[in-house]
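Both backbone and side-chain heavy atoms feed into the values below; hydrogens, waters and symmetry mates do not. For ligands, and for the atoms within them, numbers begin at 1 and follow the listed sequence. For the single chain, residues carry numbers from 1 onward in sequence order.
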Amino acid sequence: VKESFWSGKTIVITGASSGIGEAIQWKLNGLVRRAYLLSRNPHVTEVPANNLTETKWQKLMKALGPEPVPQIQTELVPISVDMSSPEDIRNVLNHILEKERESDSGGIDVLFNNAGITAHGRFDETDISVFRKTFDVNFFGPIQLIQGLLPLVKKKKGIVVSTSTVSGLYGVPGRAAYSASKSALHAAMESLRIEMLGTGVRSIIVCPPYTRTRLRTSGLDSQGNLLQEPQAQGKIKTPEQVALEIIQAVERPKSRLVTFDLSGAVMKYLRVFSPGLLERIMHRKLRHDFSEK
Ligand SMILES: NC(=O)c1ccc[n+]([C@@H]2O[C@H](COP(=O)([O-])OP(=O)(O)OC[C@H]3O[C@@H](n4cnc5c(N)ncnc54)[C@H](OP(=O)(O)O)[C@@H]3O)[C@@H](O)[C@H]2O)c1
């Protein structure tokens with residue numbers, strides 16, 4: 001993490017109470033000036049010792065003496081919001097706009113648009129209410145929040161970084177609602193990126209692969225019940241690894257659509273150059289996820 005990049009910044013993280021968003025908070029706590037932490041059940045967790053990001057000054061002080069070195073105080077502002085509720089989002093916007101107006105230097109440097117839910121189910125078995133709910137949380141809520149915060153992001157020539165997924169790069173079988181909601185977000189965030197050209201505001205889309213979080217017990221099944229699925233098999237990243245890669249993507253001046261590993265690279269390139277092959281691979285690899293029960 002580049003200390004000089006984050007020092008003094010104001011950030012917003014949606015979905016900061018768990019998984020990837022919580023790990024982003026841990027990594028930037030003690031570096032940024034203020035962090036708004038949004039979720040339905042916001043809480044401030046102690047940063048685990050192995051997640052502390054030490055500043056150069058802290059490292060130096062530690063090396064010089066036995067005295068405990070205080071962390072730089074990040075102001076943590078937890079706010080409760082259900083991203084599927086336009087009214088909740090209006091309240092959050094008022095809260096943040098009011099607080100940032102308190103000083104001339106107010107504004108948002110980085111908006112981590114990260115909260116989201118998954119939805120598992122075949123296209124032909126997924127209830128329309130599940131499509132709607134998934135879009136409310138993953139698309140309409142974020143759009144309303146980003147639109148509302150854009151004046152503050154513009155003020156700082158800031159960055160909107162959206163946590164999407166490799167499933168947003170192509171319609172994944174057994175994930176129609178999830179894939180569609182994230183692809184829609186891609187399109188809107190690309191429009192934003194182009195409209196903001198020349199203003200200094202950037203829009204980055206990151207597509208992590210399978211990550212060990214609560215996603216598979218916080219999402220929806222085809223009928224709208226809470227999912228109860230075990231973690232994916234095979235290689236799976238930790239939220240801390242993904243958080244660090246997202247933070248580094250934000251630090252790079254040219255990040256646009258960021259994938260993290262082979263699964264992302266395969267999706268990104270085959271969808272353009274050989275979609276037929278990509279579809280056959282997904283059919284074979286993900287068959288157990290969507291075959292008729
Ligand atoms: N895990 C993976 O394999 C994976 C892979 C690629 C991309 N992603 C993406 O990564 C992002 C973060 O997910 P995660 O994997 O870290 O899962 P997670 O552990 O379930 O975290 C999801 C976060 O979103 C918040 N959230 C969920 N529904 C919400 C709502 N209606 N309103 C407000 N906040 C809500 C949750 O907080 P509350 O419950 O407190 O509201 C939680 O903080 C998601 O956008 C997901 O699509 C995950």
Side-chain angles (χ1 to χ4, degrees), residues 12-27 35-45 78-89 91-92 111-120 130 132-146 160-170 172 175 177-186 189 204-220 224 226-246 249 257-261 263-264 267 289:
V12 175
I13 309 173
T14 69
S17 62
S18 160
I20 296 169
E22 184 173 46
I24 292 173
Q25 188 260 120
W26 287 338
K27 298 240 172 282
Y36 293 98
L37 309 175
L38 276 52
S39 66
R40 285 167 303 180
N41 304 298
H43 56 270
V44 174
T45 44
I79 308 180
S80 174
V81 57
D82 182 339
M83 291 296 287
S84 66
S85 159
E87 197 191 334
D88 270 17
I89 296 176
N91 290 337
V92 170
L111 166 50
F112 290 92
N113 167 35
N114 167 80
I117 53 167
T118 190
H120 291 192
V130 173
R132 289 192 204 284
K133 180 75 185 176
T134 311
F135 265 76
D136 280 343
V137 178
N138 294 354
F139 181 76
F140 289 111
I143 296 301
Q144 187 187 349
L145 186 82
I146 294 165
V160 179
V161 52
S162 300
T163 314
S164 180
T165 153
V166 286
S167 309
L169 294 167
Y170 208 92
V172 170
R175 305 279 185 279
Y178 183 51
S179 274
S181 67
K182 294 289 191 174
S183 309
L185 186 67
H186 282 213
M189 291 301 98
I204 304 172
I205 299 163
V206 295
C207 300
Y210 286 134
T211 311
R212 194 174 300 283
T213 68
R214 277 187 357 203
L215 198 71
R216 283 171 171 241
T217 48
S218 61
L220 303 174
L226 216 51
L227 264 186
Q228 288 302 333
E229 290 198 3
Q231 292 289 355
Q233 298 299 308
K235 263 199 174 163
I236 180 160
K237 293 208 177 233
T238 65
E240 289 83 2
Q241 286 172 322
V242 170
L244 183 60
E245 292 193 55
I246 294 177
L257 177 64
V258 180
T259 52
F260 294 63
D261 66 358
S263 68
M267 284 283 226
D289 271 7

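Listed by chain and number, the residues in a side chain to side chain contact (heavy atoms under 4.5 Å, CB included) with T259 are L169, C207, K268 (sequence neighbours excluded). Take R214 and apply the salt bridge (Lys or Arg N to Asp or Glu O under 4.0 Å) test, not counting sequence neighbours, and it matches no residue.
Between R175 and D289 there is a salt bridge, with a side-chain nitrogen of the basic residue lying less than 4.0 Å from a carboxylate oxygen of the acidic one.
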Worked verdict on V206 versus F260 for side-chain contact (heavy atoms from CB on, under 4.5 Å) = CA-CA 8 Å; V206 295; F260 294 63; 4.0 Å; yes
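Sorted by first and then second residue, the pairs that involve residues 236-246 and meet salt bridge (Lys or Arg N to Asp or Glu O under 4.0 Å), not counting sequence neighbours, are K237-E245.
More than 12 non-hydrogen atoms from other residues, nucleotides or ligands lie less than 6.0 angstrom from CD of Q228.
Listed by chain and number, G15, A16, S17, S18, G19, I20, S39, R40, N41, V81, D82, M83, N114, A115, G116, I117, V137, T163, S164, T165, Y178, K182, P208, P209, Y210, T211, T213, R214, L215, S218 each place a non-hydrogen atom less than 4.0 angstrom from ligand 1.
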